*Asks:* 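The structure's right below; bear with me while I get my questions together.
Predicted model, so just to flag it, every value in this text is computed and none were measured.
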Amino acid sequence: MTRPARHPSPLPGSLAEVDPEVLATIHGEERRLRETIQLIPSENYPSQAVMEATGSVFTTKYAEGYPKRRYYQGCQWVDAVEELARKRACAVFGAEHANVQPHSGSTANMGAYLTSLTIGDTVMGMDLIAGGHLTHGSPVNFSAKLYRFVNYGVDPSTELIDYDNVRKVAHASRPKMIVVGATAYPRIFDWGIFREIADEVGALLLADIAHISGLIAGGAHPSPVPVADFCTTSTHKALRGPRGGMILCKSEWAERIDKAIMPGIQGGPLEHVIAAKAVMLHEAAQPAFHDYAHAIVSNAKVLAQSLLDEGLTLVTGGTDNHLMIIRLGDSGPTGKEVARAMERAGLVANANTVPGETRGAFQTSGVRVGTPAATTFGFGPDEFRTIGKLIAGIVRDPSNADVVKATAGAVRELCHAVEARREATHAHR
Ligand SMILES: Cc1ncc(COP(=O)(O)O)c(C=O)c1O
């Protein structure tokens, strides 16, 4: 039996031969990704190069420690690839130090907290209902179990971050750290003001850029790297890498950050994923990625305008980044009902809380949509205008089976047309 040169495993058998059941699920997922529109703002399609590195032989190797300081022998090539990833991360983001080992954005946050906080310390994070992440002090998360989180929120009328309120809460609670970043905030973060407030109360500043690190790498959102003590991120969102995490910090924190991740939290690093992060960072340094990041934002603005033209309401009235939240109102269909109807129509998004939420985090009164994955797929402004109209049709009448069916057909056609256009463009290169 011959094996592809890319998979030099001593064991015989391709996936099709060994486990057709699993292969069928992979083929199902590939079809889903080609025939429906991915509007979850934290998802993306990584490149073939990223996927090849993720599926590489580096999955074989135990490499506890860091390049040139490993507990196990045989680390020559994992050292080389991890060093590439670290150097590229510093170059892309202008950071003094990078740790590329966190298994996820959540673990990256845990690493930054363990590095600089003592159990019980006060930390300030964005209100979860207003868009903060679980690791920013949700009662069901380790963050709130280990630290005393206090919240800042958004202005109820503008739904924008209320910087006066941030300052007031900071002065009243004297946190050891201020965490800035969100899963569902459609506007720009003013890192300078957060730094000023942190300095006024002697707090550290952690910028959680999980959602926007791709925009920052491509110059489509201001960077917190010059002013934040720590920046944490997932690598699989707008940054378009493998599933994983990363921490950027000032050199003074380098040794403590590295120790917090390993041995503090994790054992052996996922070197195949780190290889893929290196590829992702190489891609993020190319001019095409700059264009991609700006296209994410311009497509989001087109989608937002299309939704507004259809009479829908958006949290903060629109977007400056890659996502927007449709506010559905307190009565009528919930976010969950609308997101389910959208899924049946091939428009894959998620229910999301809105500022002042009355229905809880599962049912919600909002739907979050974003453009990173669909922009990678090849959708442009014309398609996003159409997508806005299709979404609005479902939001207005989510239980109407005829509307759902007609929308599903339109979505499939749109996907096929864009895929054909993309392939024709690639063929001409
Ligand atoms: C702001 C923010 N921080 C952290 C995370 C956690 O990332 P992960 O899912 O990789 O643990 C997320 C995930 O959505 C996020 O939105």
Side-chain angles (χ1 to χ4, degrees), residues 41-42 85-86 88-90 92-117 121 123-126 128 131-138 141-144 146-147 149 175-185 189 191 194-195 198 203-217 221-262 264-266 269-270 273-274 277 280-281 284 321-322:
S42 48
R86 287 171 73 132
R88 287 175 181 176
C90 289
V92 165
F93 289 97
E96 291 175 12
H97 178 72
N99 186 308
V100 293
Q101 292 194 0
H103 296 338
S104 69
S106 299
T107 327
N109 279 344
M110 188 183 234
Y113 297 165
L114 286 180
T115 297
S116 54
L117 303 173
D121 273 350
V123 184
M124 239 175 95
M126 189 153 161
L128 301 190
H133 184 252
L134 283 173
T135 53
H136 302 176
S138 159
N141 183 263
F142 80 90
S143 51
L146 299 187
Y147 309 106
F149 268 81
K176 182 102 173 272
M177 174 184 273
I178 300 179
V179 179
V180 185
T183 61
Y185 186 65
F189 290 101
W191 307 114
F194 276 109
R195 180 73 264 175
L204 294 163
L205 182 63
L206 186 156
D208 178 343
I209 54 173
H211 259 262
I212 52 173
S213 53
L215 302 186
I216 292 167
H221 187 293
S223 171
V225 172
V227 299
D229 298 283
F230 309 98
C231 296
T232 54
T233 184
S234 309
T235 49
H236 44 269
K237 298 184 170 125
L239 202 46
R240 213 157 60 175
R243 303 203 76 78
M246 195 163 72
I247 307 178
L248 310 168
C249 65
K250 305 281 182 217
S251 325
E252 63 183 290
W253 291 105
E255 206 175 312
R256 280 172 285 177
I257 276 285
D258 286 356
K259 275 197 183 135
I261 292 297
M262 193 272 145
I265 303 172
Q266 298 180 176
L270 310 178
V273 176
I274 289 172
K277 288 174 188 170
M280 162 198 86
L281 290 159
N321 61 18
H322 61 303

*Asks:* Can you name the residues that form a salt bridge (Lys or Arg N to Asp or Glu O under 4.0 Å) with E255, not counting sequence neighbours?
*Replies:* K259
*Asks:* So, for A144 and G137, which heavy atoms are closest and what is the spacing to 0.1 Å?
*Replies:*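 Result for this residue pair: CB-O, 3.5 Å.
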*Asks:* Going by salt bridge (Lys or Arg N to Asp or Glu O under 4.0 Å), name the residues that satisfy it together with R88, two or more places apart in sequence or in a different chain.
*Replies:* none
*Asks:* Could you list the residues that satisfy salt bridge (Lys or Arg N to Asp or Glu O under 4.0 Å) with R86, not counting sequence neighbours?
*Replies:* D258
*Asks:* Do the non-hydrogen side-chain atoms of M177 and F230 ever get within less than 4.5 Å of each other?
*Replies:*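 In contact.
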*Asks:* For H221, enumerate each residue passing the side-chain hydrogen bond (donor to acceptor under 3.5 Å, both in side chains) test, keeping only those at least two apart in sequence or located in another chain.
*Replies:* none
*Asks:* Go through the structure and list residues passing side chain to side chain contact (heavy atoms under 4.5 Å, CB included) with A85, not counting sequence neighbours.
*Replies:*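 Only V100, I274, A278 meet the side chain to side chain contact (heavy atoms under 4.5 Å, CB included) criterion with A85.
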*Asks:* Tell me whether K250 contacts the main-chain N or O of V225 through its side chain, where contact means a donor paired with an acceptor under 3.5 Å.
*Replies:*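 Present.
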*Asks:* Between T235 (side chain) and G244 (backbone), is there a donor-acceptor pair under 3.5 Å?
*Replies:*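 It does hold such a pair.
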*Asks:* Applying side-chain hydrogen bond (donor to acceptor under 3.5 Å, both in side chains), name anything that partners T233, two or more places apart in sequence or on another chain.
*Replies:*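 side-chain hydrogen bond (donor to acceptor under 3.5 Å, both in side chains) check on T233 returns S213.
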*Asks:* Can I get a per-line list of side-chain donor-acceptor pairs under 3.5 Å for residues 110-117, giving both atom names and the distance, sequence neighbours left out?
*Replies:*
residue : atom : partner : partner atom : Å
Y113    : OH   : T135    : O            : 2.6
T115    : OG1  : G111    : O            : 2.6
S116    : OG   : A112    : O            : 2.9

*Asks:* Between Y185 and F189, how do the two ring planes meet: parallel, tilted or perpendicular, split at 30° and 60°?
*Replies:*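 Aromatic pair Y185/F189 classed tilted.
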*Asks:* If a pair satisfies salt bridge (Lys or Arg N to Asp or Glu O under 4.0 Å) and one of its residues is in residues 236-246, list it, with sequence neighbours excluded.
*Replies:*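 Applying salt bridge (Lys or Arg N to Asp or Glu O under 4.0 Å) to every pair that reaches into residues 236-246, excluding sequence neighbours, yields nothing.
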*Asks:* Under 3.5 Å, is there a donor-acceptor pair linking the side chains of H136 and D208?
*Replies:* yes
*Asks:* For residues 221-233, which residue pairs pass the salt bridge (Lys or Arg N to Asp or Glu O under 4.0 Å) check, not counting sequence neighbours?
*Replies:*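 Only R195-D229 qualify under salt bridge (Lys or Arg N to Asp or Glu O under 4.0 Å).
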*Asks:* Closest heavy-atom contact between A89 and M246?
*Replies:* CB-SD, 4.1 Å
*Asks:* Which residues pass the side chain to side chain contact (heavy atoms under 4.5 Å, CB included) test with P222, not counting sequence neighbours?
*Replies:* I188, W191
*Asks:* Apply side-chain hydrogen bond (donor to acceptor under 3.5 Å, both in side chains) to T107 and list each qualifying residue two or more places apart in sequence or on a separate chain.
*Replies:*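 For T107 the side-chain hydrogen bond (donor to acceptor under 3.5 Å, both in side chains) partners, ignoring immediate neighbours, are S104.
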*Asks:* Can you confirm whether L204 sits close enough to W253 that some side-chain heavy atom of one is under 4.5 Å from a side-chain heavy atom of the other?
*Replies:* yes
*Asks:* Taking the side chain as every heavy atom from C-beta outward, state whether N99 and C249 have any pair of such atoms under 4.5 Å apart.
*Replies:*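 In short, these two side chains do not touch, never coming nearer than 4.5 Å.
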*Asks:* Taking side-chain hydrogen bond (donor to acceptor under 3.5 Å, both in side chains) as the definition, give me every residue that meets it alongside T183, ordered by chain and number, with sequence neighbours left out.
*Replies:*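 T183: no side-chain hydrogen bond (donor to acceptor under 3.5 Å, both in side chains) contacts found.
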*Asks:* If only atom types and distance count, is the side chain of Q101 paired as donor or acceptor with the main-chain N or O of M262 below 3.5 Å?
*Replies:*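 It does not hold such a pair.
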